[in-house]
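The next block holds one structure in the form of structure tokens; read it before the comments.
Only a predicted model underlies this, so the values are computations on that prediction, with no experimental measurement involved. Numbers restart at 1 for each chain; the letters A, B, ... are given by sequence-line order, proteins then strands.
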Amino acid sequence: MMAEFQRPRGTRDFTPEAMSTRRFIEAKLRKCAERFGFGEVMTPTFENTELFVERSGETILDDMYAFQDKGGRDIALRPELTAPIMRFYVNELASRPKPLKVFYFGNVFRYERPQSGRYREFFQFGAELIGAPSIESDVEIIALALSCLKDVSLENIEVRIGHLGILECILEESQLPKNLYGICLRYIDKQDIKTLKLLLSENGIDPEKQDTLLSIISMKGGRDVISTVQTMVEGGDDAFVYLANLLTKLTKYGFEGCTVDFGVARGLDYYTGMVFEIDSPSLGAEKQICGGGSYNLAELFGGEEVNSTGFAFGFDRVMLALEKDSVEIPTKGIRAYIIPIGQSTRPTSFEILRTLRENGISADIDLMGRKISKALAYANSIKTDKVILVGEKELVNDSVTIRDMDSGDQQTVNINDIAEHLKT
RNA sequence: GCCGGGGUAGUGUAGCCUGGUAACAUAUGGGACUGUGGAUCCUCUGUCCCGGGUUCAAAUCCCGGCCCCGGCCCCA
């Protein structure tokens, strides 16, 4: 048999086993966000293309699944979820009590060349905290991201926190024309030192200032780095204090090991202050599993200015990282598998099946009419905890044999006690 | 968009260099063992990514495409 159809490039099918582990992790993330007081929201899979162009500029059209629908409307499959959430906010949620805390989990689409940890349809889990312009909001967001990773037991991570205020300050000092800030931040984010240097030289930036800038953006470390850099920069005091306080407040949440990295720029114009990224060193080229920061988008979408801060996880990369780090994820099977021995016991077997299911116990039964040996092999393959052997001999005494699939131990249980027996 | 490595039963592989009837393991389905054999034994089915070229003959060599893996670019 020849497979007639293939999946579109960069997409994936998920097996029952894969879905089981994905849902397990997903549930942990959701629970964590809810514990932090965030509520889940959902927006459409596609939006008007304009929304994303407004946010990121015409160039992202190349990287989007954008098309015209039958009514001639320009439509795009969402490439990310922050813009849709902010649109939702401006449309309907703006008058809600502040702060507004929302989270999401959804598929997103990008027309890019697939590679390790990069697909054309992938999944993002993220949160946005809207309307609370305090440092505590930024801390709350970072703490949520870190707590999520803690809850899924991903320990091998690198957290890098930066501040655009400081970068801006440095750029101002270097007297680079303001219209080049965007490009410059882009190079900084990419750590493209060569091109950055070229840009600075071309614009007649004092070589000494160049060196200062270059050394600052490559600096990362703990609290001491903040003070070191502060001595190299004039002004920007507020931002330095902010970063220092941020680290202090994070420790109150129990998070110590965050590093400060002045090279985190997240090449986008609407980020305003704190920015952060989380990497999993176990992954290859695509090792960033999370990105976030404080931003202002509402105004751009026609709403009132409102401070927001948020992050997004690359869910698939989190799953990859968990796999690389060999984090165990429990596989769940069913509680009981019923094997009728011989035709005569099948009616009673189905009664037992029904009783178990009505008692909230996951249960399945042999539908193939198999003999014990093969039925046991099947039961083993679907990872059931117990097997219930329903045979004539036991039924004479209204009982069945329950076999524990881990130990192989068996015991005789009265039919009326099966549900109770399996609950423990 | 660019570079490299790949694509052989459901899965994992051998065969490719050096062209000559496509194989092994495992899984699935069926059967035997007549109530514990999660075993063992027997057995059916099932494969060269697609298209073109070279050749008497292509899984094998050549070209193009598609897809996968790794990297570049990009990464909202």
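To the nearest 0.5 Å, the span separating CZ on Phe301(A) from CG on Leu297(A) amounts to 5.0 Å. Remark: Phe103(A) CZ to Glu34(A) CD distance equals 4.5 Å, nearest 0.5 Å.
Put simply, CD on Gln6(A) is 15 Å from P on G7(B), counting in whole angstrom units. Summarising the geometry, the separation between CD on Glu112(A) and P on C73(B) is reported as 13 Å, rounded to the nearest angstrom. C74(B) atom C1' lies 19 Å from atom CZ of Phe109(A), rounded to whole Å. One can place CZ of Arg87(A) at 21 Å from P of A76(B), the figure rounded to the nearest angstrom. The distance between atom NZ of Lys190(A) and atom C1' of C74(B), rounded to the nearest whole Å, is 8 Å. Note: CD (Glu277(A)) to P (A76(B)) measures 7 Å, nearest angstrom. Separating the CE atom of Met405(A) from the P atom of A39(B) is a distance of 10 Å, rounded to the nearest angstrom. The distance between atom CE of Met64(A) and atom P of G1(B), rounded to the nearest whole Å, is 17 Å.
Heavy-atom distances to RNA chain B give each of Tyr378(A) and Pro8(A) a nearest nucleotide, and the one nearer the 5′ end belongs to Tyr378(A). Between Ile60(A) and Asp409(A), it is Asp409(A) whose nearest contact on RNA chain B lies nearer the 5' terminus.
For G30(B) and A39(B), the P atoms lie 15 Å apart once the distance is rounded to whole Å. Between U43(B) and C62(B), the two C1' atoms lie 43 Å apart (nearest whole Å). A distance of about 15 Å separates the C1' atoms of U21(B) and U60(B), rounded to the whole Å. Comparing A9(B) with A59(B), their P atoms sit 14 Å apart, to the nearest whole Å. Across A58(B) and G71(B), the matching P atoms stand 39 Å from one another, rounded to whole Å. Taking atom P in both G51(B) and C66(B), one finds a spacing of 15 Å when rounded to whole Å. A14(B) sits 9 Å from G7(B) when the P atoms are compared, rounded to a whole Å. Using atom P as the reference point in both C3(B) and G64(B), the two lie 11 Å apart (nearest Å).
A salt bridge links Glu358(A) with Arg354(A): the closest approach of a Lys/Arg side-chain nitrogen to an acidic carboxylate oxygen falls below 4.0 angstrom. Note on Glu277(A) versus Arg160(A): salt bridge recorded, some NZ/NE/NH1/NH2 to OD/OE distance being below 4.0 Å. Taking a cutoff of 4.0 Å between a charged side-chain nitrogen and a carboxylate oxygen, Glu40(A) and Arg30(A) qualify as a salt bridge. For the pair Asp279(A) and Lys287(A), the salt-bridge criterion is met [side-chain N within less than 4.0 Å of a carboxylate O].
With A76(B), A39(B), C74(B) as the candidates, the nucleotide lying closest to the side chain of Ala377(A) is A39(B). Each of A76(B), A39(B), G30(B) was ranked by its minimum atom distance to the side chain of Arg370(A); first place goes to G30(B). Side-chain proximity of Gln115(A) to the nucleotides C74(B), A76(B), C73(B) is greatest for C73(B).
Legend: ring pair (Phe, Tyr, Trp, His ring centres under 6.0 Å) pairs involving residues 355-384 of chain A, not counting sequence neighbours, sorted by first then second residue: Tyr337(A)-Tyr378(A). Sorted pairs that involve residues 35-63 of chain A and meet ring pair (Phe, Tyr, Trp, His ring centres under 6.0 Å), not counting sequence neighbours, are lacking altogether. Pairs passing the ring pair (Phe, Tyr, Trp, His ring centres under 6.0 Å) check and including a residue from residues 53-81 of chain A, sequence neighbours excluded, read Tyr65(A)-Tyr111(A).
In a base pair of the Watson-Crick type (N1 to N3 plus N6-O4 or O6-N4) or a G-U wobble (N1-O2 and O6-N3), with each distance short of 3.5 Å, U34(B) is matched with no nucleotide. When both pairing distances are held under 3.5 Å, C24(B) makes a Watson-Crick or G-U pair with G12(B). For G1(B), the paired base is C72(B) (Watson-Crick or G-U wobble, both distances below 3.5 Å).
Using a 4.0 Å heavy-atom criterion, one finds that Gly284(A) contacts the sugar-phosphate atoms exclusively. Gly126(A) comes within 4.0 angstrom of no nucleic acid atom, judged by non-hydrogen atoms across all strands. Within the 4.0 angstrom heavy-atom criterion, base atoms lie near Asp404(A).
Between Arg7(A) and C67(B) there is no side-chain N or O to OP1 or OP2 distance below 4.0 Å. Distances shorter than 4.0 Å separate none of the side-chain N or O atoms of Ser116(A) from OP1 or OP2 on C69(B).
Side-chain to base pairing of Arg12(A) with C68(B): no donor and acceptor N or O lie closer than 3.5 Å to each other.
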Kindly give the atom pairs (protein nitrogen or oxygen, nucleotide nitrogen or oxygen) under 3.5 Å for nucleotides 2-5 of chain B.
residue : atom : partner   : partner atom : Å
C2(B)   : N4   : Arg113(A) : NE           : 3.2
C2(B)   : N4   : Arg113(A) : NH1          : 3.2
C3(B)   : N4   : Arg113(A) : NH2          : 3.3

Show the distances under 3.5 angstrom between N or O atoms of the protein and N or O atoms of nucleotides 33-37 of chain B.
residue : atom : partner   : partner atom : Å
G35(B)  : O6   : Glu392(A) : N            : 2.9
G35(B)  : O6   : Lys393(A) : N            : 2.6
G35(B)  : N1   : Glu394(A) : OE1          : 2.8
G35(B)  : N2   : Glu394(A) : OE1          : 3.0
G35(B)  : N2   : Glu394(A) : OE2          : 2.3
U36(B)  : O2   : Arg403(A) : NH1          : 3.2
U36(B)  : O2   : Gln410(A) : OE1          : 2.3
G37(B)  : O2'  : Ser373(A) : OG           : 3.2

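Note on ring orientation: taking the six-membered ring where Trp is involved, the planes of Phe105(A) and Phe315(A) are perpendicular (angle over 60°, cut-offs 30° and 60°).
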Check residues 412-423 of chain A and write down every donor-acceptor pair under 3.5 Å in which the side-chain atom is one partner and the other belongs to a residue at least two apart or another chain.
residue   : atom : partner   : partner atom : Å
Asn414(A) : OD1  : Asn416(A) : N            : 2.9
Asn414(A) : OD1  : Asn416(A) : ND2          : 3.4

Stepwise salt bridge (charged side-chain N to carboxylate O under 4.0 Å, His left out) test for Glu136(A) and Lys249(A): CA-CA 8 Å; Glu136(A) 274 97 355; Lys249(A) 286 172 190 295; 3.2 Å; yes
